[in-house]
Every structure is written in C-alpha cells, then in structure tokens.
Amino acid sequence: ETGVTQSPTHLIKTRGQQVTLRCSSQSGHNTVSWYQQALGQGPQFIFQYYREEENGRGNFPPRFSGLQFPNYSSELNVNALELDDSALYLCASSLFVTAAQNEQFFGPGTRLTVL
Amino acid sequence: GNSVTQMEGPVTLSEEAFLTINCTYTATGYPSLFWYVQYPGEGLQLLLKATKADDKGSNKGFEATYRKETTSFHLEKGSVQVSDSAVYFCALVGRDDKIIFGKGTRLHILP
C-alpha cells in the first residue's frame with residue numbers, strides 16, 4: 001500500500017510568482033486536505049477536497065486554490081506569492097470526509113521558500 | 001473560536017524517564033481530541049485519539065485522557081525511549097469539523 005506522496009520536496013520562488021504543489025493520496029482515499037505549517041507552528045487547515053469538489057476552507061485568501069483529480073490526487077496552487085507564504089505545505093488523505101471520524105494520513109510535505 | 005494550547009518545548013528527558021506533555025483546549029460542545037507525532041523527515045502520524053469525555057486514547061505506550069472538567073488532554077508515557085524523539089501535536093475537531101492543531105512540542109530523549 002503506497003502512502004501519501006508530495007512533490008516537489010523543496011521549492012524556492014520569488015515574491016509575486018505562482019506555485020503548484022502536488023499530492024498523491026493513499027490508495028482508496030477519496031478525501032484530501034491541505035495544511036500550511038509555518039516554522040515553529042502547528043499545521044493550519046487550508047482546504048479540503050472530496051470527490052473533486054472543495055468541501056471546506058480555512059482562513060486563507062482566494063489566491064490559495066486547489067484541484068482534486070478523478071484518481072483523487074490533488075494540487076495546491078498559490079498565486080501572487082508573498083514572503084509569509086514560506087512554510088511547509090502538508091497534504092493529508094483520508095477515507096471519510098468528516099474530520100472527527102477519520103484518521104488523516106499525512107505526506108512528508110513540500111518546503112516552500114519565498115524570497 | 002476553538003484553540004489548543006500545549007506546553008512549549010523543547011522537552012529533554014533521559015531514556016526510561018516519565019513523560020508528560022500538557023495540552024488544554026477551548027471549544028464549545030464536545031470536540032474530538034487527538035495527538036499526532038512528527039518524526040524527523042516524516043509526515044504527521046496519528047498517535048491516539050479520544051472522542052468523548054473520560055475516554056482514554058492509547059498507543060505505543062502513550063496515553064491521554066479526555067478531561068472535560070479541566071478541558072485537558074495531557075499526553076503521558078511511563079518510560080520513554082530514544083526512538084520517541086519527535087515533535088508532538090495536540091489537536092481538536094470541533095462542531096465546524098475543522099481540525100485545529102497546537103504549536104507542537106519537540107521532545108529529545110537522551111540515551
């Protein structure tokens with residue numbers, strides 16, 4: 001059984017650029033969530049996708065957007081990058097859409113640095 | 001709004017010592033409570049959970065009891081090992097079904 005994978009591992013961008021991060025869900029999981037983890041902080045919920053539709057969003061601006069594909073893999077897109085977007089971005093997949101029920105399986109993350 | 005507060009680290013202990021990492025929460029109603037662990041270079045893993053008051057979650061020798069009266073979910077282990085060195089996150093899921101993490105506590109175990 002393949003776990004959650006994310007690409008790339010590290011990424012350096014400059015302010016104003018756009019970035020796309022990718023995530024492959026654990027086999028059989030239909031729900032994917034994205035989190036931003038700033039240095040020294042806990043992960044913060046960005047949004048969740050269930051069966052290719054957004055199913056909940058945290059306090060992040062619209063320049064953070066996502067996609068989920070029919071094979072349940074997912075992308076996180078961030079436009080107009082700002083310095084404060086520098087963080088570890090985590091993807092997590094799960095079987096159930098309800099956060100209280102499910103066990104989320106996390107990928108190792110993508111470290112984004114914005115200069 | 002909902003929030004989680006956990007003790008700041010790093011926490012440094014010798015092998016076989018007793019571990020407590022404090023976690024308190026603020027939430028309306030009865031949230032579900034979780035501990036996640038992040039080993040170096042790996043993604044977060046669910047360590048244990050409790051979904052109602054007085055429930056005790058346990059896994060790998062770790063335990064935490066959901067205390068409604070003190071709004072706490074402290075993580076304990078009787079005898080830690082070097083392999084327990086990691087960052088530990090307390091988290092809750094409230095009525096809005098969104099997960100809120102604490103800031104994490106880094107644990108170092110010395111041989």
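No experiment lies behind these values; they were computed from the predicted model shown. Below, each value reflects all heavy atoms present in this structure, side chains not excepted, and no hydrogens, waters or symmetry copies. In what follows, chains are A, B, ... by sequence order, proteins preceding strands, each numbered from 1.
Contacts between Q6(A) and chain B at a heavy-atom distance below 4.5 Å are absent for every atom of the residue. Heavy atoms closer than 4.5 Å to chain A are found nowhere in Q6(B), neither backbone nor side chain. With a 4.5 angstrom heavy-atom cutoff, R111(A) does not touch chain B via any of its atoms.
The greatest number of non-hydrogen atom pairs below 4.5 Å with chain A, out of D96(B), L33(B), L44(B), is found for L44(B). Top candidate by heavy-atom pairs under 4.5 Å with chain A, chosen from R106(B), Q38(B), Q45(B), is Q38(B).
Within 6.0 Å of the CD atom in E69(B), the count of heavy atoms belonging to other residues, nucleotides or ligands exceeds 12. Heavy atoms from other residues, nucleotides or ligands lying under 6.0 Å from NZ of K103(B) number 12 at most. No more than 12 heavy atoms of other residues, nucleotides or ligands shown are found within 6.0 angstrom of OH on Y30(B).
Using a 4.5 Å heavy-atom cutoff, the side chains of D54(B) and K68(B) are not in contact.
Remark: the Q18(A) side chain and the T20(A) side chain contain an N/O donor-acceptor pair separated by less than 3.5 Å.
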